[in-house]
Q: 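If you scroll down you'll find the structure; I have some questions about it.
In this text the structure is predicted, and so the values were computed from the model without any measurement.
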Amino acid sequence: MESNLFHLQYAIDTFYFLVCGALVMWMAAGFAMLESGLVRAKNTTEILTKNVALFAVACTMYLVCGYAIMYGGNIFLSGIADVDVDGVLGDFATREDGFTGGSIYSAASDFFFQVVFVATAMSIVSGAVAERMKLWAFLVFAVFMTGFIYPLEGAWTWGGADVFGMYNLGDLGFSDFAGSGIVHMAGAAAALAGVLLLGPRKGKYGPNGEIRAFPGANMPLAALGTFILWMGWFGFNGGSVLKLGDVASANSVAMVFLNTNAAAAGGAIAALITARLMFGKADLTMLLNGAIAGLVVITAEPSTPSALTATIWGALGGILVVLSIVTLDKLRIDDPVGAISAHGVCGLLGLLLVPVTNGDVSFSGQIIGALTIFIWVFVASLVVWGILKAVMGIRVTEEEEYEGVDLSECGMEAYPEFVSGKQ
């Protein structure tokens with residue numbers, strides 16, 4: 001009987017990991033569509049190339065070294081398909097609460113679920129540096145970000161390792177359920193470092209402090225991308241429960257799904273209202289960023305709040321993302337898609353809200369954890385971006401930026417039939 005329970009739980013938890021990982025992988029399409037919709041048409045092909053390529057780079061680098069740095073498992077050299085049935089069954093049998101104990105799943109499914117998170121962090125960087133960064137400089141940075149920078153901060157948090165041997169974030173009361181800080185704020189920190197060295201797009205800011213809007217080329221694509229991200233986030237947060245095969249875990253998964261959806265809705269509504277009050281119009285781009293902001297906020301702790309609390313938290317994120325986007329523009333920090341605000345500023349908010357409903361977490365632990373993640377990722381990224389800038393350059397020429405990076409970087413246009421004089 002015990003052996004049958006083991007096989008059943010192993011199958012359920014492994015399958016749940018794989019399905020949720022596939023949902024998170026689908027978020028790559030969401031980022032690609034959202035970013036493509038919010039940039040100008042002349043840069044669309046390069047955006048799509050970046051998003052597909054960065055996913056491939058992330059998967060490869062995490063396989064080669066990232067997973068080993070983060071969790072100590074050498075996936076590249078060991079057979080992740082091999083299963084020590086006796087060992088795992090023995091672990092199952094020694095648990096005090098049997099079938100309702102911790103999750104048991106294939107190592108391969110764990111790697112797959114983790115690797116799509118790495119790609120998500122790198123996708124955040126893509127949007128912030130859009131329309132003026134060299135494609136190959138971006139991809140070289142992706143190698144370092146996904147193979148070393150992200151895995152190391154992941155080792156200090158989810159991996160449980162001490163930060164440079166000095167302190168343990170778990171012992172300090174730090175918790176980040178699915179990655180508001182570990183994934184989203186980390187991606188935003190790397191993006192901010194790149195944006196500061198890269199500079200704004202040509203013509204974005206006038207000599208007298210004017211802020212010029214660069215309308216996106218395809219709002220239907222941007223809206224589609226947001227819906228894809230919204231859907232994929234159920235796997236992002238839901239999969240982080242790590243287990244499905246008993247009543248308590250199933251209820252937890254359901255609550256996480258419910259709260260994830262509620263927070264996104266709250267963020268979208270709050271951002272729409274805030275934009276209407278500030279600008280006098282219903283701003284679609286702020287509405288989309290509001291939904292994403294709500295999702296980022298609830299990611300730090302989607303299991304303990306009530307649905308109403310989750311909605312309020314999402315609404316706070318929706319308000320904050322609008323204010324942050326406007327503030328960054330005033331500071332002349334050019335982020336074409338609002339990624340730094342939605343994922344970075346709101347990621348920090350999500351971390352700070354965790355202790356409100358989770359009594360095992362401390363505010364001081366959350367602050368120290370947030371600072372650890374941000375400082376490490378920002379400084380390490382700044383160093384890598386700086387070296388790339390000195391060695392190969394990170395920005396296209398002024399002429400290439402004017403013509404669009406589609407032609408200079410990829411040699412093709414996304415919408416050739418709509419360009420004047422083209423057949």
Q: Tell me yes or no: between the side chains of S341 and S324, is some donor less than 3.5 Å from an acceptor?
A: yes

Q: Do the ring planes of H184 and W233 sit parallel (below 30°), tilted (30 to 60°) or perpendicular (above 60°)?
A: parallel

Q: Can you see whether S123 engages S126 through a side-chain donor-acceptor pair at a distance of less than 3.5 angstrom?
A: no

Q: Around atom CE of M231, are there more than 12 heavy atoms of other residues, nucleotides or ligands at under 6.0 Å?
A: no

Q: State, without any angle test, whether Y16 and S109 hold a side-chain donor-acceptor pair at a distance under 3.5 Å.
A: no

Q: T397 and side chain to side chain donor-acceptor pair (under 3.5 Å): which single residue from R395, E400, E399 fits?
A: E400

Q: Taking all non-hydrogen atoms of both residues into account, name the closest pair between C346 and A342 and its distance.
A: CB-O, 3.1 Å

Q: Is the closest side-chain heavy-atom distance between F174 and T157 below 4.5 Å?
A: yes

Q: Under a 3.5 Å cutoff, is there a donor and acceptor pairing between the side chains of N43 and D406?
A: no

Q: Would you confirm whether N51, through its side chain, and I47, through its main-chain N or O, come within 3.5 Å as a donor-acceptor pair?
A: yes

Q: Can you check whether L135's main-chain N or O pairs, donor with acceptor, with E409's side chain at less than 3.5 Å?
A: yes

Q: State whether the side chain of T311 and the backbone N or O of G266 hold a donor-acceptor pair below 3.5 Å, judged by distance alone.
A: no

Q: Is there a donor in the side chain of S249 and an acceptor in the side chain of D246, or the other way round, less than 3.5 Å apart?
A: yes

Q: Salt-bridge test for K202 and E398: reply yes if a basic N is under 4.0 Å from a carboxylate O, no otherwise.
A: yes

Q: Between K389 (side chain only) and L197 (backbone N and O only), is there a donor and an acceptor less than 3.5 Å apart?
A: yes

Q: Report yes if the side chains of V405 and K134 come closer than 4.5 Å at any heavy-atom pair, otherwise no.
A: no

Q: Return the minimal non-hydrogen interatomic distance between F112 and A22, and the atom names on each side.
A: CE2-N, 3.5 Å

Q: List the steps, then state whether side-chain contact (heavy atoms from CB on, under 4.5 Å) holds for T304 with M255.
A: CA-CA 8 Å; T304 56; M255 198 66 203; over 6 Å; no

Q: Determine, step by step, whether D110 and Y105 satisfy the side-chain contact (heavy atoms from CB on, under 4.5 Å) criterion, reporting the C-alpha distance in whole Å, the side-chain angles of both residues, the deciding distance to 0.1 Å, and the verdict.
A: CA-CA 7 Å; D110 177 63; Y105 42 78; 3.6 Å; yes

Q: Is the gap between the ring centers of F117 and F236 under 6.0 Å?
A: yes

Q: Can you check whether L229 reaches W26 side chain to side chain, under 4.5 Å on heavy atoms?
A: no

Q: Does CZ belonging to F144 count more than 12 external heavy atoms closer than 6.0 Å?
A: no

Q: Looking at R201 and E131, is there a salt bridge between them, counting it only when a charged N and a carboxylate O are closer than 4.0 Å?
A: yes

Q: Yes or no on side-chain contact (heavy atoms from CB on, under 4.5 Å) for V163 and N168, after CA distance, side-chain angles and deciding distance?
A: CA-CA 6 Å; V163 180; N168 185 282; over 6 Å; no

Q: Can you name the nearest heavy-atom pair linking V195 to D334, along with the distance?
A: CG1-O, 3.6 Å

Q: So which pairs with a foot in residues 137-156 pass salt bridge (charged side-chain N to carboxylate O under 4.0 Å, His left out), sequence neighbours left out?
A: none

Q: If you compare all heavy atoms of I298 against all heavy atoms of A263, which two are closest, and at what distance to 0.1 Å?
A: CB-CB, 3.5 Å

Q: Relative to each other, are the rings of W385 and F141 parallel, tilted or perpendicular (30° and 60° limits)?
A: parallel

Q: Any side-chain heavy atom of W313 sitting closer than 4.5 Å to one from V356?
A: yes

Q: Inspect the surroundings of CE in M392 and state if more than 12 heavy atoms from other residues, nucleotides or ligands are less than 6.0 Å away.
A: yes

Q: Please work out whether the ring planes of F257 and F234 are parallel, tilted or perpendicular, with thresholds of 30° and 60°.
A: parallel

Q: Give a yes or no on whether F15 atom CZ has more than 12 heavy-atom contacts from other residues, nucleotides or ligands under 6.0 Å away.
A: no

Q: For the CD1 atom of I333 and the CG atom of L192, what is their distance to the nearest 0.5 Å?
A: 6.0 Å

Q: Taking the six-membered ring of F214 as reference, does the cationic atom of R40 (NZ for Lys, CZ for Arg) lie under 6.0 Å from its centre and within 45° of its axis?
A: yes

Q: Around Y402, counting heavy atoms of other residues, nucleotides and ligands shown, do more than 12 lie under 6.0 Å from its OH?
A: no

Q: Please determine if K243 forms a cation-pi arrangement with F17, meaning its NZ or CZ atom is less than 6.0 Å from the six-membered ring centre and no more than 45° off the ring axis.
A: no

Q: Check whether the side chains of E301 and T357 place a donor and an acceptor atom closer than 3.5 Å, and report yes or no.
A: no

Q: Would a distance-only check, ignoring hydrogens and angles, find a side-chain to backbone donor-acceptor pair under 3.5 Å from E401 to V396?
A: no

Q: Given the side-chain rings of Y71 and W158, with only the six-membered ring counted for Trp, is the space between their centroids under 6.0 Å?
A: no

